[in-house]
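Have a look at the structure below before the remarks.
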Amino acid sequence: MNDFKKGDVVVLKSGGPAMTIEDIGDYSSYGDSDDLSANCVWFENKKRENAVFGLHTLKLAETGGE
């Protein structure tokens, strides 16, 4: 089971930009309705982007240890 929470910084297991989890819930338009998904936000060229990803596709981003 994934222990993600709002505000966590994550990346896709397959790679990509660091994203912040804005919300976690049952997004019926995404995949299996039994699985929770995360609405993630990130910035690309100063433009705010967002998308919904299944929790099983995410992992916590490595931080610089600040």
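Reckoned from all heavy atoms, side chains included, excluding hydrogens, waters and symmetry mates.
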Those residues that, when tested against Lys59, pass side chain to side chain contact (heavy atoms under 4.5 Å, CB included) (two or more places apart):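 Expected list: Val11, Lys13.
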Should [X] and [Y] be counted in the same cluster of Ile, Leu, Val, Met, Phe, Trp and Tyr side chains packed under 4.5 Å apart?
X	Y	answer
Leu12	Ile21	yes
Leu55	Leu60	yes
Val10	Val41	no

Looking at residues at least two apart in the chain, or sitting in another chain, which of them share a side-chain hydrogen bond (donor to acceptor under 3.5 Å, both in side chains) with Asp8?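 So Asp8 forms a side-chain hydrogen bond (donor to acceptor under 3.5 Å, both in side chains) with Lys5.
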With sequence neighbours excluded, what pairs up with Glu22 under the side-chain hydrogen bond (donor to acceptor under 3.5 Å, both in side chains) test?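 Per chain and number, Glu22 pairs via side-chain hydrogen bond (donor to acceptor under 3.5 Å, both in side chains) with Asn39, Arg48.
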Would you give the length of the straight line joining atom [atom1] of [X] to atom [atom2] of [Y], rounded to the nearest 0.5 angstrom?
X	Y	atom1	atom2	answer
Asp26	Ser37	CG	OG	7.5 Å
Lys6	Ile24	NZ	CD1	8.0 Å
Asn50	Cys40	CG	SG	9.0 Å

Which pair of heavy atoms, one from Leu58 and one from Phe53, lies closest together, and at what distance?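 Where Leu58 meets Phe53 most closely, the heavy atoms are CD2-CB, 4.0 Å.
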